[in-house]
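Order of appearance sets the numbers: ligands from 1, and atoms from 1 within every ligand. Values reported hereafter were calculated over all heavy atoms of this structure, with side chains retained and with hydrogens, waters and symmetry mates removed.
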Amino acid sequence: SNITPKSYESRMATHPSPLARRLFKIMVEKQTNLCVSLDVYSKAELLQLVDTLGPYVCVFKTHVDIVDDFSYESVVEPLVALSKKHNFLIFEDRKFADIGSTVKSQYTSGIYKIVRWSHITNAHALPGPGIIDGLYAGAKEVTDDERGLLLLAEMSSKGSLATGEYTDKTVALARGNTEFTFGFIAQNRLGEPDEDFVIMTPGVGLDAKSDGLGQQYRTVDEAVSGGSDIVIVGRGIIGKGRDPIAEAKRYRDAGWASYLARLK
Ligand code: 5BU
């Protein structure tokens, strides 16, 4: 839909998800709609990036299963401490895709125990409503803290099958539990004008157009003017040869300028 989303500040007061309200509060306080994607193999690099880029982001997105030297004590515990120091949320980009009972176990157990520390996670809509029920049950069972789920309504990659009717049905699924399912990974604003789904958008880059493996990049302004609330940037900020602090400031400033322009 083409309806311009309201200000983060007003959505902070009215969103049905407690986690989304907390997220908007951080965005307003820190004046940033930037999520940095930390796709790195070493815990030292991960934690160092989090400590240096923390002031510029509202969310850090992780893939903890690619960290070679992962342990709960040496990665999760310091990451959670840094999330308090710099006031950001953690988003483990797990992309759950199984039946409710299995995703509940994958969310709560194993070596990662994602639900204990990751404020946000995501899931494919493919299995149907049971995937949301399973994850929500896991969150309720393990923690009293706010937790939120994003459904993958669209993907940034070339030839993605998540389009058209699949995307529409994903939006319909999210309507079943908006206290937990607070938004989408998507490339465009989704939902009706009177609904408030938070749109987080990967595939954002100001220098490259693609990565040779199917990733497609749009600019910050293309994403935000199209309805993205939070831009997700990985290699554009932390890629080889880049100055992560300078790039984080550049994307943060671009994201906030596009947001202000959208409000006018
Ligand atoms: P990049 O370095 O900015 O291309 O990293 C993008 C990140 O976002 C990477 O961690 C992907 O797993 C993630 N991603 C994506 O690129 N596109 C999608 O549609 C989804 C996730 Br969902």
Side-chain angles (χ1 to χ4, degrees), residues 33-42 45-46 49-50 53 56-68 70 79 89-97 103 112 114 118 120-127 131 135 148-164 166-167 170-171 173-174 181-190 197-224 226-244 247-248 250-252 254-255:
N33 53 14
L34 174 64
C35 169
V36 171
S37 180
L38 296 166
D39 301 358
V40 296
Y41 305 124
S42 108
E45 189 181 352
L46 179 87
L49 284 167
V50 169
L53 304 185
Y56 312 110
V57 311
C58 55
V59 177
F60 277 113
K61 188 176 83 57
T62 54
H63 281 299
V64 281
D65 57 353
I66 69 176
V67 177
D68 288 321
F70 177 89
L79 178 61
L89 298 185
I90 306 168
F91 169 16
E92 169 57 21
D93 187 2
R94 174 63 179 75
K95 299 187 181 73
F96 292 101
V103 296
Y112 301 119
I114 293 165
S118 186
I120 301 168
T121 193
N122 55 357
H124 288 286
L126 188 75
I131 194 167
L135 293 169
L149 177 69
L150 300 168
L151 292 181
L152 287 111
E154 295 172 327
M155 292 191 71
S156 60
S157 40
K158 194 169 170 37
S160 165
L161 306 183
T163 61
Y166 183 91
T167 301
T170 301
V171 175
L173 261 192
T181 309
F182 70 101
F184 302 104
I185 298 286
Q187 298 293 317
N188 300 285
R189 179 167 157 79
L190 296 171
F197 290 112
V198 177
I199 306 297
M200 293 187 65
T201 305
V204 173
L206 293 171
D207 302 317
K209 283 278 144 232
S210 59
D211 72 350
L213 288 175
Q215 177 67 297
Q216 305 175 112
Y217 292 110
R218 294 190 303 155
T219 65
V220 172
D221 198 58
E222 284 168 330
V224 174
S228 172
D229 295 308
I230 297 176
V231 292
I232 301 174
V233 183
R235 285 165 287 183
I237 291 175
I238 67 163
K240 248 200 170 73
R242 297 202 188 270
D243 174 347
E247 295 295 343
R250 177 182 175 216
Y251 280 89
R252 189 266 321 260

Q) Got the closest protein heavy atom to atom 16 (O) of ligand 1, with its distance? A) Gln215 NE2, 2.8 Å
Q. Counting from 1, what ligand 1 atoms have a heavy atom of Lys95 closer than 4.0 Å?
A. 12 (O), 20 (C), 21 (C), 22 (Br)
Q. Is a side-chain donor-acceptor pair under 3.5 Å present for Gln216 with Ser156?
A. no
(Q) Suppose we measure from atom 22 (Br) of ligand 1 to each protein heavy atom; which comes out shortest, and what is that distance? (A) Leu152 CD2, 2.8 Å
Q: With side-chain contact (heavy atoms from CB on, under 4.5 Å) as the test, would you mind laying out the steps for Phe60 and Leu79 before giving the verdict?
A: CA-CA 10 Å; Phe60 277 113; Leu79 178 61; 5.6 Å; no
Q) Are Tyr112 and Phe70 close enough that some pair of their side-chain heavy atoms sits under 4.5 Å apart? A) yes
Q: Answer with yes or no whether the side chains of Asn122 and Asp93 bring together a donor and an acceptor at under 3.5 Å.
A: yes
Q. Between Thr219 and Asp221, is any side-chain donor less than 3.5 angstrom from a side-chain acceptor?
A. no
Q: Evaluate the side-chain contact (heavy atoms from CB on, under 4.5 Å) criterion for residues Thr201 and Arg218: first the C-alpha distance (whole Å), next the side-chain angles of each, then the deciding distance (0.1 Å), finally the verdict.
A: CA-CA 10 Å; Thr201 305; Arg218 294 190 303 155; 3.9 Å; yes
Q. In terms of residue, atom name and distance, what is the protein heavy atom nearest to atom 9 (C) of ligand 1?
A. Asp39 OD2, 3.2 Å
Q.
Please evaluate residues Asn188 and Ile199 with respect to the criterion side-chain contact (heavy atoms from CB on, under 4.5 Å), reporting the C-alpha separation (whole Å), side-chain torsions for both, the decisive distance (0.1 Å), and the verdict.
A. CA-CA 7 Å; Asn188 300 285; Ile199 306 297; over 6 Å; no
**Q.** Heavy-atom proximity to atom 20 (C) of ligand 1, best of Pro202, Gly205, Gly239, Gly234
**A.** Pro202
Q: Check ligand 1 against Arg235 and write out every atom of the ligand that is under 4.0 Å from a heavy-atom position of the residue.
A: 1 (P), 2 (O), 3 (O), 4 (O)
(Q) Quick check on contacts: which atoms of ligand 1 are under 4.0 angstrom from a heavy atom of Ile185? (A) 22 (Br)
Q: Could you check atom 4 (O) of ligand 1 against the protein and tell me its nearest heavy-atom contact, residue, atom and distance included?
A: Tyr217 OH, 2.6 Å
Q | For atom 12 (O) of ligand 1, the protein heavy atom that lies nearest, with its residue and separation | A | His63 NE2, 2.9 Å
(Q) Taking NZ in Lys95 as the centre, count heavy atoms belonging to other residues, nucleotides or ligands within less than 6.0 Å. Is the count above 12? (A) yes
Q: For Asp93, counting its heavy atoms only, list the atoms of ligand 1 lying under 4.0 Å from any of them.
A: 12 (O), 13 (C), 21 (C)
Q) So is Ser37 close enough to ligand 1, meaning a heavy atom under 4.0 angstrom away? A) yes
(Q) Could you work out, with salt bridge (Lys or Arg N to Asp or Glu O under 4.0 Å) as the rule, every residue matching Asp65, not counting sequence neighbours? (A) none
(Q) Quick check: Ser156 and ligand 1, any N/O pair under 3.5 Å apart? (A) yes
(Q) Polar contacts were defined as any N/O atom of the residue lying under 3.5 Å from an N/O atom of the ligand; does this apply to Asn122 and ligand 1? (A) no
